[in-house]
Each structure stands twice: as structure tokens, then as C-alpha cells.
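To start, the structure itself, in C-alpha cells.
When reading the values below, keep in mind they use all heavy atoms of this one structure, side chains included, and skip hydrogens, waters and symmetry mates. Please read all numbers here as calculations on a predicted model, not as lab measurements.
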2 protein chains.
Amino acid sequence: MSSDLTARARIRDAAIQLFAERGVEGATIRDIAQQADVSSGLLRHHFGSKEGLRDACDEWALHELTKVSGQFIEFSTLDGFTLRVRLLQSYLIRSILDGSPAGTAMFDRMLEYGEQWLATTDLKVADPRAFVAVLSVMKMSLFTMSDLMSRALGDDVTQPQAWGRMLRASLDLFSQPLITKEQALQAESAIDRVIAGEEAS
Amino acid sequence: MSSDLTARARIRDAAIQLFAERGVEGATIRDIAQQADVSSGLLRHHFGSKEGLRDACDEWALHELTKVSGQFIEFSTLDGFTLRVRLLQSYLIRSILDGSPAGTAMFDRMLEYGEQWLATTDLKVADPRAFVAVLSVMKMSLFTMSDLMSRALGDDVTQPQAWGRMLRASLDLFSQPLITKEQALQAESAIDRVIAGEEAS
DNA sequence: ACGTCGGCTACACAGTCGTGTAGTAAGCTA
DNA sequence: TAGCTTACTACACGACTGTGTAGCCGACGT
């Protein structure tokens with residue numbers, strides 16, 4: 001496939017793909033170089049080190065993704081949500097798990113955007129910060145655990161068909177209350193009980 | 001700390017803790033042995049290999065957790081939800097990310113239980129399987145990304161205080177609709193558009 | 001008293017990792 | 001043409017991994 005790109009660009013693309021698939025630890029320099037069809041030395045020549053390569057990938061993914069849209073994972077604005085964009089997205093989401101600065105930067109942006117969104121709604125929320133954090137993490141989780149989702153659906157969620165099915169289900173989930181206020185209160189007191197028991201010991 | 005346990009038990013406990021913290025790849029045999037205060041050879045003597053150790057941890061965690069409660073992550077039944085249980089839980093959740101058989105087994109159980117739960121409610125769900133899968137993944141994500149949650153809340157969610165705050169926020173989230181039916185429909189058509197555009201190319 | 005079996009350690013081995021070094025070929029500038 | 005930078009490769013090094021092996025030591029049965 002990729003051929004008319006610079007070797008440097010090919011390395012970067014290969015790194016983003018493999019980092020996204022296996023994580024930064026799981027993807028070796030040699031694998032990346034092989035995928036880009038260059039020697040591992042050239043990778044080192046261009047990016048200095050594995051860390052340097054990851055930094056370059058972080059910067060590029062953030063930059064490219066910001067170019068496409070201000071916010072990252074929002075269902076309402078899916079224009080330009082191409083396969084390439086989804087790859088960049090899954091790279092950043094994966095790098096969140098690996099504790100990359102770019103990953104946490106993206107998460108911070110998600111939090112910020114989430115709080116803005118929350119302000120526009122008339123939801124009654126006791127702890128906005130926690131609410132937005134939980135919501136953001138949950139939205140991301142659909143992509144961090146795509147293997148599990150694919151297994152549950154019996155279909156690859158990185159492909160358009162199952163991907164749409166997953167997103168539609170999440171819309172279904174967010175557009176109606178799952179538990180009653182009574183159940184919520186009951187669960188809250190259960191949580192209180194656990195905390196009280198924990199702090200006693 | 002731990003001392004009056006068998007060396008074999010100490011190794012198992014250390015492995016569960018380190019596997020949960022760093023993943024099965026990230027935790028080395030030598031680290032586990034050191035944490036258990038034994039030689040790495042003894043670990044090998046008892047469990048044969050790293051894979052054997054993980055299998056033993058899987059089996060033990062599943063068994064212990066089943067002993068406590070039939071279902072794993074449910075807010076309504078938090079009795080006996082001790083720190084030890086939470087450790088076992090986070091071990092299994094982490095091992096889901098690593099693709100362990102025990103992890104997927106637990107996930108399957110969650111799906112099964114989720115579908116039973118869904119049947120007891122009068123929720124209108126277009127795609128029950130996908131609905132339950134999304135919900136299960138999202139519930140788990142609070143624990144898989146505890147680092148991120150802690151960062152967002154500015155407090156360690158493995159500790160009772162922030163842990164309760166996180167769970168309360170998730171209750172808040174699940175007890176009310178976040179988007180209107182109109183917004184959901186709008187987003188659905190956006191998803192359809194992306195899929196159509198994708199399959200055209 | 002003696003053998004042996006399980007708990008336990010020390011050490012060596014091969015593979016893989018990221019990294020470092022030396023060197024080649026091509027293109028640009030003077 | 002000479003000199004230098006840049007793209008690129010081949011290869012070796014040290015660290016770390018899981019694994020294999022040899023052996024020590026105490027308990028226990030006979």
C-alpha cells in the first residue's frame with residue numbers, strides 16, 4: 001500500500017498503527033521499521049529514540065486531529081470522521097492507557113469540553129466534575145476495549161458496520177434513564193455503608 | 001507485611017497485585033518473587049511458568065470472587081465489597097485487557113447477567129446484545145482507567161472516598177437521560193452518513 | 001540412622017529489547 | 001572535482017526477560 005510517502009512519514013504512520021494496536025510497550029522498534037519497510041537504524045536516525053518517535057506521533061496525532069475538529073469524540077459532529085481520523089483517535093486513546101502526555105492532554109480537553117456541554121444542558125448533577133469524568137471515561141472505553149466489544153458483538157467494531165451498531169447502542173443508553181431514582185438512592189446508601197466499613201478498619 | 005502465609009500464597013497474592021497494577025507483561029517474575037520475598041526459582045517451582053502462575057491467579061480470583069457474590073460489578077449489591085475483593089476485581093478487569101481466558105470468562109458472565117437484568121426492566125432497547133455489551137464495557141472502564149479517573153478527580157479512586165464519589169457520579173449518570181430523543185435521532189443519521197461514505201470507498 | 005521428597009536458592013542460558021557505532025550511497029554547494 | 005550534509009544500512013553491545021539446571025536443607029517415613 002503506502003509507497004509514495006517519505007520514509008519518515010511511513011515510519012510515523014507505522015508507529016501510530018502499531019502503537020494503537022499493541023501499545024507503546026508492545027510495539028518494538030524493529031516491528032515498526034519492518035512495517036515501514038526501512039531499517040531500524042533509519043527510525044533511530046529520524047527520531048532519535050523510541051521515546052522521540054512516540055513524541056513525534058503524539059504531536060502529529062494531536063495536530064492532525066485538531067485540524068479536523070475541535071472536539072474529539074462527539075457523536076453529534078461526525079463529519080469528516082474518516083477511517084484515518086479514527087486511527088489517530090484510537091492511537092491517542094491507547095496512549096492514554098500508556099500514560100502519554102498527549103493522551104492526558106486529550107483527556108483534559110475532553111473534560112473541558114464535557115463541562116462546557118454540561119453547562120448547556122439542564123441536567124441536575126450533584127458533582128459536575130465527577131460526572132463529566134465518568135462520562136468521558138465511559139465514552140472512551142468503547143474504543144479502548146474494542147477487542148472486547150468485537151467479541152461481544154461477534155463483529156469487528158473497527159469496521160463501519162459493527163462500529164455503527166456500537167454507537168447506536170450507546171445513544172440508546174444515553175437517551176433514557178437506566179435506573180430509577182429509588183434504585184439510585186438505595187445504591188448510594190450501599191456505597192456509604194461500604195465506605196464507612198472501610199474507614200473503620 | 002504479609003508473613004504468616006504460605007510462600008505459595010504469598011507469591012499468588014503478589015502476582016495478583018502486580019498483574020493488576022502493571023498488567024501481565026509489565027510485571028516480571030523477578031518482581032513478583034521479590035514482592036513475595038522468595039527467589040524467582042521458587043515461583044517457578046510452584047507454578048511451572050509465568051503462564052502457569054497467571055492461570056493459578058485467574059482460577060483463584062474467579063473462585064474467590066464467586067464465593068463472595070454471584071455477580072461481580074453491581075452497585076445494588078455491595079455487601080462484602082471489601083478492599084480485598086476490589087483487588088481481585090481489578091485483577092480480573094486488568095486481565096481482560098490482557099486477553100486472559102479468565103478475564104473474558106468474567107466478561108461473558110457480566111454480559112449474561114446484564115441480559116437477565118435487562119429483561120427485568122421495561123427499557124425499550126433496539127439491540128439488546130449491543131446495549132448490554134456497551135453498558136458492561138462502560139461499567140468496567142471506571143476501573144480499567146482508574147489512573148485517569150484519579151487524575152480527573154484529583155484524588156485516588158482506589159481509596160474509599162474518591163471511589164464513592166466516582167460511583168455516585170455514575171449513579172447520577174445512569175438515573176437520567178443525557179440526550180433527548182431528537183438528539184439521538186440526529187446522531188444516528190450522522191452515524192449512517194459516515195458508514196455510507198465509508199462503504200462507498 | 002538413612003533415604004527421599006518437597007520447599008527453596010543460586011546461577012547460567014538464549015532470546016529480545018532499545019541503543020550505540022561504523023560505514024555506504026546520493027545530492028548539494030563551492 | 002572536492003567536501004559536506006543527509007538518508008540509510010549492517011552489526012554489535014548491554015540490559016532484561018522467561019526458562020532451565022544443579023544443588024542445599026529440613027521433615028518425614030522406615
Side-chain angles (χ1 to χ4, degrees), chain A residues 1-60 91 94-95 97-103, chain B residues 1-60 91 94-95 97-103:
Chain A
M1 38 187 269
S2 56
S3 55
D4 54 346
L5 286 173
T6 318
R8 184 185 166 94
R10 286 208 314 276
I11 294 173
R12 192 225 304 123
D13 288 353
I16 284 184
Q17 183 186 335
L18 291 185
F19 281 159
E21 283 176 9
R22 315 178 192 173
V24 54
E25 292 286 333
T28 70
I29 281 190
R30 287 170 175 83
D31 288 341
I32 295 170
Q34 189 176 11
Q35 170 106 356
D37 209 41
V38 297
S39 72
S40 66
L42 182 60
L43 188 152
R44 189 164 167 67
H45 169 69
H46 278 301
F47 299 97
S49 68
K50 192 181 186 180
E51 178 103 10
L53 174 60
R54 201 186 67 162
D55 289 346
C57 289
D58 280 354
E59 189 179 357
W60 195 75
Y91 164 76
R94 176 78 203 218
S95 74
L97 289 179
D98 295 337
S100 147
Chain B
M1 38 187 269
S2 58
S3 54
D4 53 346
L5 286 173
T6 319
R8 184 186 166 92
R10 286 208 313 276
I11 294 173
R12 192 224 306 122
D13 288 353
I16 284 184
Q17 182 186 335
L18 291 186
F19 281 160
E21 284 177 7
R22 316 178 191 172
V24 53
E25 292 287 333
T28 70
I29 282 190
R30 287 169 176 85
D31 287 341
I32 296 170
Q34 188 176 10
Q35 171 106 356
D37 210 41
V38 297
S39 72
S40 65
L42 182 60
L43 188 152
R44 189 164 167 66
H45 170 70
H46 277 302
F47 299 97
S49 67
K50 191 180 187 182
E51 178 101 12
L53 174 59
R54 201 186 67 163
D55 289 345
C57 289
D58 281 353
E59 189 179 356
W60 196 74
Y91 165 75
R94 176 79 204 217
S95 74
L97 290 180
D98 295 337
S100 147

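With values rounded to the nearest 0.5 angstrom, L43(B) atom CG is found 12.0 Å from Q35(B) atom CD. To the nearest 0.5 Å, atoms CD1 (I11(A)) and CD1 (I16(A)) are separated by 12.5 Å.
Q34(B) CD: 12 or fewer foreign heavy atoms inside a 6.0 Å radius.
To the nearest angstrom, C1' of dG18(D) lies 15 Å from CD1 of I11(B). Atom CZ in F47(B) sits about 15 Å away from atom P in dG18(D), given to the nearest Å. Rounded to whole angstrom, the span from the CZ atom of R54(A) across to the C1' atom of dG18(C) amounts to 14 Å. In this structure, the CD1 atom of I29(A) is 14 Å from the P atom of dT9(D), given to the nearest Å. One interatomic measurement links the two molecules: CZ of R22(B) to C1' of dC16(D), which rounds to 14 Å at whole-angstrom precision. In this structure, L18(A) atom CG and dC17(C) atom P are separated by 12 Å, rounded to whole Å. Between the CD1 atom of I32(B) and the P atom of dT19(D) there is a distance of 11 Å, given to the nearest Å.
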Validation: residues 52-59 of chain B side-chain donor-acceptor distances under 3.5 Å, sequence neighbours left out:
{"from": "D58(B)", "atom 1": "OD1", "to": "Y91(B)", "atom 2": "OH", "distance (Å)": "2.6"}
{"from": "D58(B)", "atom 1": "OD2", "to": "S100(B)", "atom 2": "OG", "distance (Å)": "2.7"}

**Complete:** Contact string for nucleotides 6-12 of chain C, one letter per nucleotide 5' to 3', B = base within protein heavy-atom range under 4.0 Å, S = sugar-phosphate only, - = neither, reads -BBB--B
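Looking only at distances, a side-chain donor or acceptor of R10(B) sits under 3.5 Å from a matching main-chain atom of L5(B).
Shown here are the salt bridge (Lys or Arg N to Asp or Glu O under 4.0 Å) partners of D98(A), two or more places apart in sequence or in another chain: there are none.
Using a 4.0 Å heavy-atom distance criterion, A33(B) is classed as making no nucleic acid contact.
When the nucleotides dT19(C), dG18(C), dT17(D) are ranked by their closest atom to the side chain of S49(A), dT19(C) comes out on top.
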